Protein chains: 2
Amino acid sequence: MSDLLNRLRGRGWRMTAQRRVVAEVLDGDHMHLTADEVHARAAARLPEISRATVYNTLGELVSLGEVLEVSTDRRAKRYDPNAHRPHQHLVCARCGAIRDVHPAGNPLADLPDAERFGFTISNVEVTYRGICPDCAAA
Amino acid sequence: MSDLLNRLRGRGWRMTAQRRVVAEVLDGDHMHLTADEVHARAAARLPEISRATVYNTLGELVSLGEVLEVSTDRRAKRYDPNAHRPHQHLVCARCGAIRDVHPAGNPLADLPDAERFGFTISNVEVTYRGICPDCAAA
DNA sequence: TGCCCGCCTTGGACCCGGTCCAAGGCGGGC
DNA sequence: GCCCGCCTTGGACCGGGTCCAAGGCGGGCA
């Protein structure tokens with residue numbers, strides 16, 4: 001039993017085959033899957049699982065803080081199971097590959113008070129865009 | 001005649017009533033409008049302008065570098081006429097208000113070589129999220 | 001000034017990711 | 001082992017955006 005499933009159970013999550021499969025798909029080493037990709041992988045193990053359930057479950061995992069929603073493009077949202085170590089994203093502009101990165105310093109510190117306009121800032125997202133080595137070679 | 005229209009003409013843009021109106025809407029002090037909002041404002045001056053033309057024109061302005069596409073949420077793209085001074089965005093998580101901000105330093109410099117994975121990085125987008133003073137007061 | 005080429009505009013169909021809903025299923029506390 | 005109420009299902013629906021074929025019109029040229 002994985003840590004993730006234990007944590008969820010500990011939070012009073014009613015365990016069902018569908019939820020287990022979705023959580024296990026994310027808990028694997030697959031990074032930044034779309035909802036449809038999660039659905040496809042889940043369906044490989046539990047063929048009758050519905051799209052709606054995958055969406056519901058992903059939404060719950062996000063609001064429980066176990067998974068992050070990432071929108072690096074305007075296409076499908078992606079789900080990032082690496083929710084427990086703060087990080088940013090590096091995206092290939094050509095093939096869409098995504099890597100987690102860990103910039104030095106705190107980007108919040110770079111925003112002067114005069115540029116905060118009285119906002120209470122709680123979060124900073126940084127997306128680095130460029131060309132990955134594979135696309136550069138091709 | 002605005003600078004923007006002059007620049008566009010100088011680049012060989014065929015001038016039409018529709019394009020002029022879209023460019024003028026963006027060139028006003030209205031910031032970060034959605035395509036539909038641009039369409040609404042344009043239609044106030046040129047009632048028969050179509051949605052497709054607004055989308056086409058916005059896309060051209062973006063690829064000419066005169067306007068930036070901003071995706072701070074997963075709803076509609078927004079169009080930012082402030083394309084000539086580099087900046088980032090501060091977004092209210094509650095009401096969606098967007099402000100341009102100018103962080104100190106260069107966020108690219110914060111990404112160590114070891115975290116670049118061989119990518120050729122060309123661009124960094126930073127989105128600060130928080131609560132604006134109006135929403136905090138309410 | 002007037003013609004004509006070819007770029008521009010139009011409305012409507014279509015696409016895609018995502019959300020919503022009512023009905024039935026089933027987890028798990030007792 | 002029962003039963004309550006949460007969970008799942010499939011299909012309709014939504015909203016932003018894109019595509020397309022047909023007709024309009026800008027503007028270079030004579």
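Naming convention: chains lettered A, B, ... in sequence-line order (proteins, then strands); numbering from 1 in each chain. Note that the coordinates shown come from a computational prediction; the quantities given were computed from them, not determined experimentally. We use all heavy atoms of the structure for the numbers below, so side chains are in, but hydrogens, waters and symmetry mates are not.
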>> For a quick test of reading the model: is some side-chain N or O of B/Arg19 closer than 4.0 Å to OP1 or OP2 of C/dC7?
In response: no

> What about B/Arg14, does its side chain sit under 3.5 Å from the base of C/dC8 through a donor-acceptor pair?
Replying inline: no

> So, A/Glu66 side chain and A/Leu61 main chain: donor-acceptor pair closer than 3.5 Å or not?
Replying inline: no

>> Quick check: do A/His89 and A/Val70 have side-chain heavy atoms less than 4.5 Å from each other?
In response: yes

>> With clusters defined by side-chain heavy atoms of hydrophobic residues (ILVMFWY) lying less than 4.5 Å apart, directly or transitively, does A/Met31 cluster with A/Leu58?
In response: no

> Of B/Arg74 and B/Thr57, whose closest DNA chain C nucleotide lies nearer the 5' terminus?
Replying inline: B/Thr57

> Taking all atoms of both residues into account, what is the closest heavy-atom pair of B/Val124 and B/Gln88, and its distance?
Replying inline: O-NE2, 3.6 Å

> Whole Å only: how far is the CD1 atom of B/Ile49 from the C1' atom of D/dG24?
Replying inline: 15 Å

> With both distances under 3.5 angstrom, what nucleotide forms a Watson-Crick or G-U wobble pair with C/dC5?
Replying inline: D/dG26

> Has B/Arg75 got a side-chain N or O lying under 4.0 Å from the OP1 or OP2 atom of D/dG15?
Replying inline: no

> Relative to the 5' end of DNA chain C, which residue comes earlier, A/Asn56 or B/Trp13, by the nucleotide with the nearest heavy atom?
Replying inline: B/Trp13

> Do the side-chain N or O atoms of B/Thr53 get closer than 4.0 angstrom to the phosphate oxygens (OP1, OP2) of C/dT10?
Replying inline: yes

> At under 4.0 Å, does any side-chain N or O of A/Tyr55 touch on OP1 or OP2 of C/dG18?
Replying inline: yes

>> For C/dC30, give the paired nucleotide (Watson-Crick: N1-N3 plus N6-O4 or O6-N4; G-U: N1-O2 and O6-N3; both under 3.5 Å), or none.
In response: D/dG1

>> Taking any heavy-atom pair under 4.0 Å as a contact, classify B/Ala52: base, sugar-phosphate, or nothing.
In response: base

> If we call it a pair only when both distances are under 3.5 Å in a Watson-Crick or G-U wobble match, what pairs with D/dG10?
Replying inline: C/dC21

> Rounded to whole angstroms, how far apart are CD on B/Glu48 and C1' on C/dT9?
Replying inline: 11 Å

>> Please classify the nucleic acid contact of B/Thr16 as base, sugar-phosphate, or nothing, using heavy-atom distances under 4.0 Å.
In response: sugar-phosphate

>> Would you say A/Lys77 places a side-chain N or O within less than 4.0 Å of OP1 or OP2 belonging to C/dT19?
In response: yes

>> OP1 or OP2 of C/dT10 versus the side-chain N and O atoms of B/Gln18: is any pair under 4.0 Å?
In response: yes

> For the pair made of CG in A/Leu58 and P in D/dC7, what is the distance, rounded to whole Å?
Replying inline: 15 Å

>> Regarding C/dG18, can its base be found pairing with the side chain of A/Arg51 as donor and acceptor, where the two atoms are less than 3.5 Å apart?
In response: yes

> Given atom CZ of B/Arg78 and atom P of D/dG16, what is their separation to the nearest angstrom?
Replying inline: 10 Å

